[in-house]
Amino acid sequence: MCIRDRKVTYQVTARVRAVEGASTSGAYLQLRFLPSNQYVQRGLNAGSASALNDVSVKGTAPADTTHGVIYLYTHAAPTPKVLVADVQLMGGLPAPPPPPPEPVPPQYEKLKDLHLEIPLVQQGKGNAVIVVSATGQYDAAANKIQQAIEKGIGVRLPIVADHAPEAGVPLRQHLIVLGNRSTNKTINSLYDHYYCLADLKYPGPEGYVIRTVHSPYGNGHSAVLVGASDLVGVGRGAERLAGILSNTSVSEGGLSIGWTMETQLGKGVTPPADIENFETWEASRGYRSIGYFGWCSISKRMAMYYMTGDEIHAREFVRLAFPDEQAIRDIEEIDGERIENKQDPLAGFYHYNAHMAILFWDLIEESPVFSDEQRLRITNAFARQLAHRKGEGIYRLTQPPRGVGSRHGQWSAISLYCLGRYFNKDYPHPIWAQCIRGGQLAFASLHDHAWVAGESDNLFWYNTGIAPVFTYLALTGDRKPINNGVAERLLRGQEALISGREKDWALNSASVGFLHKAAYLTGDSRWVTYRERTGVDTDVFRLGQSFWPDDNLQRKAPTDLVGKWTVMSLPKPAWEARRSGLPWEQSFYFGSYRSAADDSGDYILLD
């Protein structure tokens with residue numbers, strides 16, 4: 001074909017059908033541009049011998065292009081068979097996006113606006129709303145705060161239910177929010193995005209935390225959180241906040257609250273003092289709390305400071321972030337590979353252990369325990385982490401891969417996404433926008449199918465190969481893989497491997513956080529049942545988010561698996577890539593059969 005319009009994008013589509021009993025492996029569709037010999041190609045993978053399907057390739061003609069050639073070709077041996085019914089060429093298509101900017105980490109000389117003051121009242125008018133559960137359970141507590149503000153400045157802040165437009169996320173105005181992720185929709189959204197930790201486990205029975213969340217979405221709107229695990233705690237926290245506001249000076253018709261960290265842990269909640277004993281909600285029976293997935297000694301120190309208010313942990317964080325010889329020895333002893341660059345730790349986390357640190361820095365950086373000089377130094381160190389992430393295959397993505405990658409690639413994508421999210425909202429730059437975009441693209445194929453490389457065919461690590469997916473879905477708010485059934489298919493694969501025994505091998509590396517997120521996102525309590533079978537102690541103080549299941553999530557056994565085969569079939573793109581020669585309808589990863597939902601019956605696994 002003659003090409004007159006250079007730098008134009010072309011697409012070739014072939015309609016193909018399989019031949020019964022024959023393989024299509026080794027047959028290709030190729031579009032080649034001349035004289036450059038640049039080309040794009042794809043296997044002529046036919047899905048069925050009874051129906052036609054399309055196979056397409058797309059490419060942009062280089063500037064020197066004069067001709068193009070469409071090839072339909074095969075390898076010499078073995079000889080494939082495929083029926084090609086039609087071939088079409090289309091030109092003038094939208095060009096692919098430009099390549100990402102070179103990942104050179106910016107270094108900053110000026111600190112961002114920290115939005116330290118949250119003006120609840122300005123010029124004699126309310127500048128915030130108080131958000132409570134629509135159930136009415138926090139109305140009395142909210143009234144205490146409302147009355148304290150009105151008594152101090154003569155302005156009555158509105159109280160709204162958590163489903164009101166004013167309570168929406170991203171924040172549209174300053175908020176005072178009461179409750180926890182299970183009882184307040186606004187807190188639930190902030191929690192999912194990792195802007196607070198209040199849930200049914202933290203701060204614990206009758207305890208409370210008061211936390212200011214400063215411009216979490218980069219638009220200047222902030223929140224004051226009265227977080228508690230129960231009604232008594234909310235009441236105590238509201239009374240304490242009312243006292244703080246009553247003692248806050250009023251000037252020129254305005255009332256503001258600055259950085260606030262008030263912590264009253266619940267009854268029986270006792271954090272450990274020794275870093276070696278710090279437990280996390282990402283713990284599993286096999287990995288325990290050593291640091292996977294997301295943690296290391298530095299992020300544990302940051303989390304312990306945020307959750308307890310004990311400044312010794314903030315000082316330890318700074319010591320480890322800019323280590324002297326002793327700190328380097330401490331990192332080597334505790335973390336090993338989890339911090340790869342021990343001379344510049346904030347820039348050198350292993351991808352399994354990176355994302356928690358930047359999430360917690362976003363929660364604590366406004367604290368007066370840090371000077372502006374330290375804040376800027378820490379910010380630049382985190383920015384340098386891009387140099388550590390750039391070669392892991394995520395940053396340069398411009399379109400979704402055919403499937404989600406290994407667990408290594410997934411944690412790298414989450415780490416890059418979190419890094420970009422933090423920087424792009426207050427230090428906007430195309431580099432940080434691409435970090436976000438690369439992280440999103442790494443999981444984008446879940447919008448279409450359930451092909452996840454995970455850990456290939458190492459079934460004992462299946463859960464670690466899909467766990468990052470559920471972290472990503474919770475953190476980003478992407479719910480399409482939940483709604484289209486892809487997440488359910490991935491989880492059904494996990495269920496096929498679970499025999500029903502206590503401390504099952506298939507759950508050995510499954511973290512509490514993964515199983516609880518699965519229960520939350522699917523609304524299915526069987527994942528709480530599976531967590532209980534792991535034997536991990538959930539009564540000790542743990543760092544991070546528990547995603548503790550709501551009381552209304554009724555426990556149930558997976559009886560729907562009994563008396564039938566549960567088969568993990570191949571998504572069509574995975575089948576096409578494997579080119580096994582087997583019909584798609586007969587291809588599967590593994591399958592199992594059980595006669596009981598627990599360990600009282602028989603269980604067969606076919607792999």
Side-chain angles (χ1 to χ4, degrees), residues 131-133 135 137-142 144-145 162 176-184 186-188 190-192 194-213 223-244 260-275 277-283 289 295 300-314 360 363-364 367 512-513 516 519-520 528 531-532 536-553:
V131 182
V132 297
S133 168
T135 64
Q137 61 182 313
Y138 301 141
D139 288 357
K144 291 180 183 178
I145 299 170
D162 53 2
I176 299 173
V177 289
L178 287 74
N180 59 64
R181 66 170 290 268
S182 296
T183 60
N184 189 307
T186 304
I187 295 177
N188 184 59
L190 291 169
Y191 187 99
D192 282 0
Y194 224 102
Y195 290 127
C196 70
L197 271 62
D199 55 31
L200 295 176
K201 273 290 188 178
Y202 173 80
E206 300 184 13
Y208 66 85
V209 291
I210 301 173
R211 296 286 186 272
T212 45
V213 187
V224 183
L225 169 71
V226 180
S229 301
D230 55 30
L231 185 58
V232 173
V234 170
R236 295 178 66 195
E239 187 172 346
R240 176 61 183 138
L241 178 59
I244 292 172
T260 303
M261 174 186 271
E262 293 272 338
T263 307
Q264 182 63 57
L265 295 178
K267 292 181 178 179
V269 178
T270 307
D274 188 341
I275 183 75
N277 297 324
F278 286 13
E279 300 281 356
T280 75
W281 285 109
E282 278 64 43
S289 289
W295 295 97
K300 286 180 178 179
R301 289 292 188 185
M302 300 167 82
M304 191 64 84
Y305 170 57
Y306 178 79
M307 296 181 74
T308 67
D310 188 343
E311 293 184 2
I312 189 173
H313 300 295
F360 275 100
L363 294 177
I364 66 175
S367 168
V512 175
H516 280 181
Y520 161 55
V528 182
R531 187 269 299 164
E532 292 170 344
V536 176
D537 186 356
T538 58
D539 290 329
V540 300
F541 181 86
R542 292 185 178 275
L543 299 172
Q545 296 178 324
S546 72
F547 280 88
W548 196 258
D550 298 350
D551 294 336
N552 60 4
L553 195 64

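Between the side chain of Asn180 and the backbone N or O of Gly227 there is no donor-acceptor pair closer than 3.5 Å. A distance-only check finds no donor-acceptor pair linking the side chain of Lys300 to the backbone of Thr280 [under 3.5 Å].
The distance from the CG atom of Asn552 to the OG atom of Ser182 is 8.0 Å, given to the nearest 0.5 Å. Taken from OH in Tyr191 to CG in Leu197, the straight-line distance is 6.0 Å, to the nearest 0.5 Å. Distance check, rounded to the nearest 0.5 Å: OH of Tyr208 to CD of Gln264 gives 5.5 Å. Atom-to-atom distance recorded for Gln137:CD and Asn184:CG is 9.0 Å, nearest 0.5 angstrom. Rounding to the nearest 0.5 angstrom, the gap separating the CE atom in Met304 from the CD1 atom in Ile312 is 11.5 Å. Here Leu178 contributes atom CG and Tyr138 contributes atom OH; the two are 8.0 Å apart, rounded to the nearest 0.5 Å.
Between Trp548 and His516, the two ring planes are perpendicular [angle over 60°; tilted spans 30° to 60°].
When all heavy atoms of Thr308 and Pro271 are compared, the closest pair comes out as CG2-CG, 3.8 Å. Of all the heavy atoms in Asp162 and Ser133, the pair that sits closest is OD2-CA, 3.8 Å. Between Tyr305 and Ile364 the shortest heavy-atom distance is CD2-CG2, 4.0 Å. Minimum interatomic distance between Ile145 and Ile176 (heavy atoms only, all atoms of both residues): CG2-CD1, 4.1 Å. Annotation for Val528 and Ala519: closest pair CG2-CB, 3.9 Å, computed over non-hydrogen atoms. Of all non-hydrogen atoms in Gly207 and Ala228, the two that sit nearest each other are O-CB, 3.4 Å.
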Full working for side-chain contact (heavy atoms from CB on, under 4.5 Å) between Asp192 and Phe547: CA-CA 9 Å; Asp192 282 0; Phe547 280 88; 3.7 Å; yes
CA sep, side-chain torsions, deciding dist, call: Met261, Arg211, side-chain contact (heavy atoms from CB on, under 4.5 Å): CA-CA 5 Å; Met261 174 186 271; Arg211 296 286 186 272; 3.5 Å; yes
Val269 vs Tyr202, side-chain contact (heavy atoms from CB on, under 4.5 Å): CA-CA, chis, key distance, verdict: CA-CA 9 Å; Val269 178; Tyr202 173 80; over 6 Å; no
Pair Arg542-Ser289, side-chain contact (heavy atoms from CB on, under 4.5 Å): steps then yes or no: CA-CA 9 Å; Arg542 292 185 178 275; Ser289 289; 3.5 Å; yes
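Here the side chains of Ser229 and Pro203 are in contact, with some heavy-atom distance below 4.5 Å. Here the side chains of Ser546 and Val512 are not in contact, with every heavy-atom distance at 4.5 Å or above. Looking at heavy atoms from C-beta onward, Thr263 lies out of side-chain contact with Met307 at the 4.5 angstrom threshold. Between Val536 and Arg531 there is no side-chain heavy-atom pair separated by less than 4.5 Å. Residues Ile187 and Cys196 meet the side-chain proximity criterion, which asks for heavy atoms closer than 4.5 Å.
Side-chain atoms of Tyr520 and Asn188 include a donor-acceptor pair closer than 3.5 Å.
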Let me check something: any side-chain donor-acceptor pairs from residues 232-243 under 3.5 Å, sequence neighbours excluded? List them with distances.
unit_1 : atom_1 : unit_2 : atom_2 : d
Arg236 : NH1    : Glu206 : O      : 2.7
Arg240 : NE     : Glu262 : OE1    : 3.2
Arg240 : NH2    : Glu262 : OE2    : 3.2

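A salt bridge does not link Arg301 with Asp310: every distance from a Lys NZ or Arg NE/NH1/NH2 to an Asp or Glu carboxylate oxygen is 4.0 Å or more.
Residues passing the side-chain contact (heavy atoms from CB on, under 4.5 Å) test with Asp139, sequence neighbours excluded: Val132.
For Phe278 and Phe541, the distance between ring centers is not under 6.0 angstrom.
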